[in-house]
Amino acid sequence: QADLVESGGGSVQAGGSLKLTCAASGYLDRGYCMGWFRQTPGKQREGVATIRSGTSNTYYTDSVKGRFTISQDYAKGTLYLQMNSLKPEDTATYFCAAHFDTLGLFCDTLPRLFDFWGQGTQVTVSS
């Protein structure tokens, strides 16, 4: 499969929106889990959202529920993270990731389960 490549990060004021894109061709078939993770200096990498590829089965960490939406477009080979109502605490480097897992309808957000990672894109939210 192709490498994962994130884009769409940037700087935005609190309350604004950003849409992150991950080029993810090859990881969008059923059998893969895909997710977005974020990390700030001194903190553990945090699972933000996951999606079972080929389905609408998603999982979100509590802090982003109602604000973030994970989705994918098979035709475009793309994973997205729509981020609305951004808060300063959302500031982090965001990574997309994938792993092969045929078990379960939903995907967990444990970083150690994911084998394939992008290089990350920086999101900065100012107050």
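Keep in mind that this is a model prediction, so the values were computed, not measured. One-based numbering along the sequence shown.
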Gap between atom [atom2] of [Y] and atom [atom1] of [X] - 0.5 Å precision:
| X | Y | atom1 | atom2 | answer |
| --- | --- | --- | --- | --- |
| Glu89 | Thr40 | CD | OG1 | 11.5 Å |
| Phe116 | Tyr32 | CZ | OH | 6.0 Å |
| Phe37 | Thr109 | CZ | OG1 | 6.5 Å |
| Cys22 | Met34 | SG | CE | 4.5 Å |
| Lys43 | Arg38 | NZ | CZ | 8.5 Å |
| Leu18 | Leu81 | CG | CG | 9.5 Å |

If you look at every heavy atom in [X] and [Y], which pair is closest and at what distance?
| X | Y | result |
| --- | --- | --- |
| Lys65 | Asp62 | NZ-OD1, 3.0 Å |
| Cys96 | Leu79 | CB-CD2, 4.1 Å |
| Thr124 | Gln122 | OG1-NE2, 3.5 Å |
| Ser17 | Ser85 | OG-N, 4.3 Å |
| Ser63 | Glu46 | OG-OE2, 3.9 Å |

Ignoring hydrogens and geometry, is there a side-chain-to-backbone donor-acceptor pair from [X] to [Y] under 3.5 Å?
| X | Y | value |
| --- | --- | --- |
| Thr50 | Cys107 | yes |
| Trp36 | Tyr80 | yes |
| Arg52 | Asn57 | no |
| Thr61 | Val48 | no |
| Glu6 | Gly120 | yes |
| Thr121 | Gly9 | yes |
| Ser53 | Tyr27 | yes |
| Gln119 | Val5 | no |

Are Lys87 and Asp90 within salt-bridge range, i.e. N to O under 4.0 Å? no
ILVMFWY cluster, [X] and [Y] together (side-chain gap under 4.5 Å):
| X | Y | answer |
| --- | --- | --- |
| Val12 | Met83 | yes |
| Trp117 | Leu113 | yes |
| Leu4 | Tyr74 | yes |

Taking side chain as C-beta onward, heavy atoms only, is Tyr60 less than 4.5 Å from Ile51?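 Contact flag for Tyr60/Ile51 side chains = no.
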State yes or no: are the ring centers of Phe95 and Phe114 separated by less than 6.0 Å? no
